[in-house]
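Reviewing the structure listed below.
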2 protein chains.
Amino acid sequence: MVTMRDVATAAGVSPMTVSNVLTGRRATSPEVRRAVLEASERLGYRLNVAARSLRRGRTGVVGLAVPSLDAPYFGQLAGRLAARLAREGLRLVVEQTGASPEGEAAAVRDSRGGAYDGLVLSAVGLGGDVRALAGDLPVVALGERQDLRRVDHVGMANIEGARAAAALLLERGCRRLAVVGSPPWEQLDEPGGHDGDAFRLRARGVRDAVRAAPGARVRAVTLGTALEDGVRCGRALAAGEPVDGVVALTDTLALGVLRGLADGGLRVPDDVLVVGFDDVREAATSVPSLSSVAPGHDAMVEEVVRLLLRRMAKPAAAEEDVVAPFAVVERESTRRA
Amino acid sequence: MVTMRDVATAAGVSPMTVSNVLTGRRATSPEVRRAVLEASERLGYRLNVAARSLRRGRTGVVGLAVPSLDAPYFGQLAGRLAARLAREGLRLVVEQTGASPEGEAAAVRDSRGGAYDGLVLSAVGLGGDVRALAGDLPVVALGERQDLRRVDHVGMANIEGARAAAALLLERGCRRLAVVGSPPWEQLDEPGGHDGDAFRLRARGVRDAVRAAPGARVRAVTLGTALEDGVRCGRALAAGEPVDGVVALTDTLALGVLRGLADGGLRVPDDVLVVGFDDVREAATSVPSLSSVAPGHDAMVEEVVRLLLRRMAKPAAAEEDVVAPFAVVERESTRRA
DNA sequence: GCCGCCTGTTGTATCGATAAACTCGGCGGC
DNA sequence: GCCGCCGAGTTTATCGATACAACAGGCGGC
């Protein structure tokens, strides 16, 4: 392996000068600079990032821990965040937690080893005192565990957004709704275990809207959260007691539901209206295109970066909890003929 | 920051003993082990990965560089690969190259800094001597640049797969085909610039199949490679000279085409048949579901890991170039009523 | 003409973990 | 009863880059 010392020897200067030339942190004479760059090029020198970050105590890398990499929502989040952080001179690396509290805790703990200057944690299961786990590592949480304490947090308007989504269906005349992805109805207000997760909050929003609509009913159908689970829910809905509107708590589920309803012979929007949540890119181009709650992706990414940079600069700053503005985007899946 | 020395002092042993207890590389007495673990826990000790990898020369991390994180194909690849590498005790981190040769070259160069023990490069634009760029870093390339020299490579059966996809349409009676995502037809055999990329290879496969079918014609429609570009292609096809079969060179394009054709009032499969390539998860659940060429994802991941581990163990081994077996998966989009 | 200052360069110590060599008490073998 | 060996632990040196202080030399000011 070629080290700075090798380059220094080849260029006839000290290692420190090589460092100065390559980082540009100190002035160097043009001749020396040229000699160093030439030697570095010729030897194929590569800076050792482990050595640098050991010495500097920083890496210039931000981690993003997501439940799974193959869900469109997280992929799109990662893409946006990577692009935004690049503008700050930071690299993003993404890793997968497997959607388990243990995986998420491990991601936080491991990140304290100094591999990242900061961590964006898209938590679905982890609760409790994340700050204690994170130590002095700057962490910004996404997702909706109410008991994510003492960390900066960027949230969505889950309740309000879902309420608006359900209200849209009700406005379009639906009276027999189904919620796909909701926890069992009777658990919505229980504290404990999963209190505060996005699914529960969104389900509450739907319930609120239904309660406010005279004559409307709603039932929960839940078989998981993956695309294929949505398909199964859609089939179950087509086969069971008739419904005229479906609120799917994520777009991934909603896209599955579209498929499942088609399997069961129901047409959207002719027989049933469907609305999703998250406004993933695919929602705009599915057949039929999917109405969805857009949680303000760009604003969220902006806030995540702002909070992260602020905490990296001021470790002791007070925690912030911000919620991005949402919008309901109406598309074919809720448009009455 | 709590270091090993701090833990050692607290436990009344030497730092080396702490290291031995925590890594388990040497036997230690039960009492000492307990004392060390207790102290480590109490002080909230976290191993510094920079220091470890500086000393060890390895990190236990494999990098995956993909053009973009928000394309379903790459997200799904990342998910699969992460899961598979976890079984080998390796972590995967993913980064985005922006689909540019510069971004890809930068990913390779940066990875030589010792951040990763190996790199999986999903290249779309990078050509030339990747080995020279990579130096001693183990690299396994995915994607189809023919001039990716002197690196291990896991490929798809692009020509054969695309030929089979087109053959499927021809078998179903299509005679006026369109290829979406193809380079301009007259460039298919040109050497140079982009010779060998997946789109060109796949387009050639389509051409081969059409040439072998008496009376069949084909034209290329290309406006980009993103989902939205597929939509525009679909609309253009619906508006232009009639076609009865579409080969989209990626599933992402194909899903867009389905939407675009619907916009143009054409029904799939009644008016037009559509087949994609990649067999992303969404293909199984779109409406209509999408026939696609499955490039053998699991086999590919298996081979990638095998080649990577082999090269990490034997840096001087001869380069291998393997191609996974493909299969055409037929779904609704090519099924005649 | 001497002094302080500025610019460019160099030694030295250090970041934290660990490989390798070394120490020491106990124990079985001949 | 002595020797060599083994297990458990310690010491020392090192991985590669860089913060920091020290240092050489040129130059303008009084």
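From a predicted model like this one, the values you see are computed outputs, not experimental measurements.
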| request: Considering only NZ, NE, NH1 and NH2 on the basic side and carboxylate oxygens on the acidic side, decide whether A:Asp298 and A:Arg84 come within less than 4.0 Å. | output: no
| Just checking B:Val13: base, sugar-phosphate only, or nothing, at a heavy-atom cut-off of under 4.0 Å? | sugar-phosphate
| Looking at C:dG16, C:dT10, C:dA17, which one has an atom nearest to any side-chain atom of B:Arg52? | C:dA17
| query | For B:Met1 and C:dG16, what is the distance between atoms CE and C1' respectively, to the nearest whole Å? | reply | 9 Å
| query | Between D:dA8, C:dT18, D:dA17, which nucleotide has the shortest distance from any of its atoms to the side chain of B:Ala27? | reply | D:dA8
| A:Thr3 side-chain proximity, nearest of C:dT18, D:dA17, C:dT9 | D:dA17
| Should the pair B:Arg310-B:Asp152 be classified as a salt bridge under the 4.0 Å nitrogen-to-oxygen rule? | yes
| query | Of all the nucleotides listed (C:dA17, C:dT9, C:dC15), which has the minimum atom distance to the side chain of A:Val32? | reply | C:dT9
| query | Which nucleotide in the set C:dT18, C:dT10, D:dC15 lies at the smallest distance from any side-chain heavy atom of A:Met16? | reply | C:dT10
| message | What I want to check is whether an N or O donor and acceptor connect the side chain of A:Arg56 with the base of D:dT18 at under 3.5 Å. | response | no
| query | Under 4.0 Å between a side-chain N or O of A:Thr17 and OP1 or OP2 of C:dG8? | reply | no
| Cationic N near anionic O, under 4.0 Å, B:Glu302 to B:Arg306 | no
| said: Does this structure show an ion pair linking A:Glu38 with A:Arg34, if we count only N-O contacts that are shorter than 4.0 Å? | reply: no
| query | Looking only at N and O atoms, is any donor in the side chain of A:Arg26 or the base of C:dT7 less than 3.5 Å from an acceptor on the other one? | reply | no
| said: Heavy atoms from C-beta onward define the side chain here; which of D:dT10, C:dT10, D:dA17 lies closest to that of A:Asn20? | reply: C:dT10
